[in-house]
2 protein chains.
Amino acid sequence: MPTTIELESLLRETGLRVTRPRMAVLGAVCEHPHADTGSIIDVTREDFGAVSHQAVYDVLRALTDAGLVRQIQPAGSVARYESRVGDNHHHIVCRACGAIADVDCAVGEAPCLTPSGNHGYVVDEAEVIYRGICPDCSTDYPSEKNDPLRKETSA
Amino acid sequence: MPTTIELESLLRETGLRVTRPRMAVLGAVCEHPHADTGSIIDVTREDFGAVSHQAVYDVLRALTDAGLVRQIQPAGSVARYESRVGDNHHHIVCRACGAIADVDCAVGEAPCLTPSGNHGYVVDEAEVIYRGICPDCSTDYPSEKNDPLRKETSA
DNA sequence: AGCTAACCTTGATCGATTCAAGAAAGCGGA
DNA sequence: TCCGCTTTCTTGAATCGATCAAGGTTAGCT
């Protein structure tokens, strides 16, 4: 969890004004990776007092535009935010409880995969979302499925 | 575009009743890959007359559950549907106009990638979404970015 | 200290989807 | 062919996540 000084520096260095809602939201995102907007609103209000929902939406947009925060949205989910940026990491989502964990990208920058046929597109990103069952939701899972020899290299 | 007989067979073989809305929606999805729900409602009504919005939502859910149709939802998009199922293919999305194209999966079944660290999850799917600019939105795009030697194998 | 543009507050609105109650119909069995 | 029943459809209401909008507040620059 970054200090107040660190949060202020992050904001100033990207040309953003230092305001109480911005400090609050950035802190909340740092402390709660992959949180959705409703959770960020709640946490922000618990930790820093009254903040309008519009401010949270605006701040998240500003932080994302500035590259301080990354927005993700796995299929079936609302928008979520994380402060881990710049390494093109992927995510793994639990089908049962919705838990999300980070997965390092083997390449470290986008795009990390090349489509087998790109239809003439200029590809600049390959987003990989792994899905499965997390340890907490799995009482007994077949280990054969984790056999690396049956699958290709990681994204 | 499948014939009426083929659509009926698809429904019967998966234990679904053959109803007019179901025939209509399945036909619409076959004819308009990656269409969103609103488009499917419009097309269904144009081609087959009055159908309630609730029926379309219910039919799409039933067809997806039955495996006849696949739901996708790239980040920033609403739910979309396609009839191409069973081959774990991926998608490429244009950042400018939102166009979506299919990308063959090099493996052909899920999961086609192994996460570099899986946090104890049992992974059963790796969804890959490529993003970039489609030919129609790109007036001149740098060919270097398509250099296959600088990127890893396709998903 | 003053000014200004950016930011925040408050409330309204919208689009996508789900919920809910009752009517309609597909299908199996007689 | 007819009947009954469960599934499906219709219609309208509700919810949720996010955006729009007008006006007040304030961070930062001069």
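Only this structure's heavy atoms are used, side chains among them; waters, hydrogens and symmetry mates stay out. The sequence lines fix the lettering, A, B, ..., with proteins before strands; numbering per chain opens at 1.
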What integer distance in Å separates [X]:[atom1] from [N]:[atom2]?
X       : N      : atom1 : atom2 : result
B/Phe48 : D/dC9  : CZ    : P     : 14 Å
A/Asp42 : D/dG17 : CG    : C1'   : 14 Å
B/Asp58 : C/dT18 : CG    : P     : 9 Å
A/Ile41 : D/dT19 : CD1   : P     : 11 Å
B/Gln73 : C/dT17 : CD    : P     : 7 Å
A/Asp36 : D/dA18 : CG    : C1'   : 12 Å
A/Arg80 : D/dC16 : CZ    : C1'   : 14 Å
A/Leu60 : C/dC8  : CG    : C1'   : 14 Å

Pairwise side-chain contact, [X] with [Y], heavy-atom cut-off 4.5 Å (strictly under):
X        : Y       : answer
B/Gln71  : B/Arg80 : no
A/Glu127 : A/His90 : no
B/Glu8   : B/Met23 : yes

What nitrogen or oxygen pairs link the protein and nucleotides 28-30 of chain C at under 3.5 Å?
none

* Given C/dA16, C/dT9, D/dA18, which nucleotide is nearest the side-chain atoms of A/Ala79? -> D/dA18

* Looking only at side-chain atoms of B/Val59, point me to the closest of D/dC9, C/dT17, D/dA18. => D/dC9

* Report, as a single string ordered 5' to 3', how protein heavy atoms within less than 4.0 Å touch nucleotides 20-30 of chain D: B base, S sugar-phosphate only, - not at all. => BB-----BS--

* Can you establish whether the number of heavy atoms outside B/Arg20 located under 6.0 Å from its atom CZ is more than 12? => yes

* Asked: Do the side-chain N or O atoms of B/Tyr57 get closer than 4.0 angstrom to the phosphate oxygens (OP1, OP2) of C/dT17?
  -> yes

* Asked: Within the pair A/Arg61 and D/dT19, is there a side-chain N or O less than 4.0 Å away from OP1 or OP2?
  -> yes

* Cationic N near anionic O, under 4.0 Å, B/Asp124 to A/Arg131 -> no

* Quick one: do A/Asp87 and A/Arg70 make a salt bridge, cutoff under 4.0 Å? -> no

* Given the side-chain rings of B/His32 and B/His34, with only the six-membered ring counted for Trp, is the space between their centroids under 6.0 Å? -> no

* Asked: Is there a donor-acceptor pair under 3.5 Å between the side chain of B/Gln73 and the backbone N or O of A/Gly76?
  -> yes

* Asked: At under 4.0 Å between heavy atoms, what does B/Ala62 touch on the DNA or RNA strands: base, sugar-phosphate, or nothing?
  -> nothing

* Asked: Residues in side-chain hydrogen bond (donor to acceptor under 3.5 Å, both in side chains) with B/Glu31, at least two apart?
  -> none

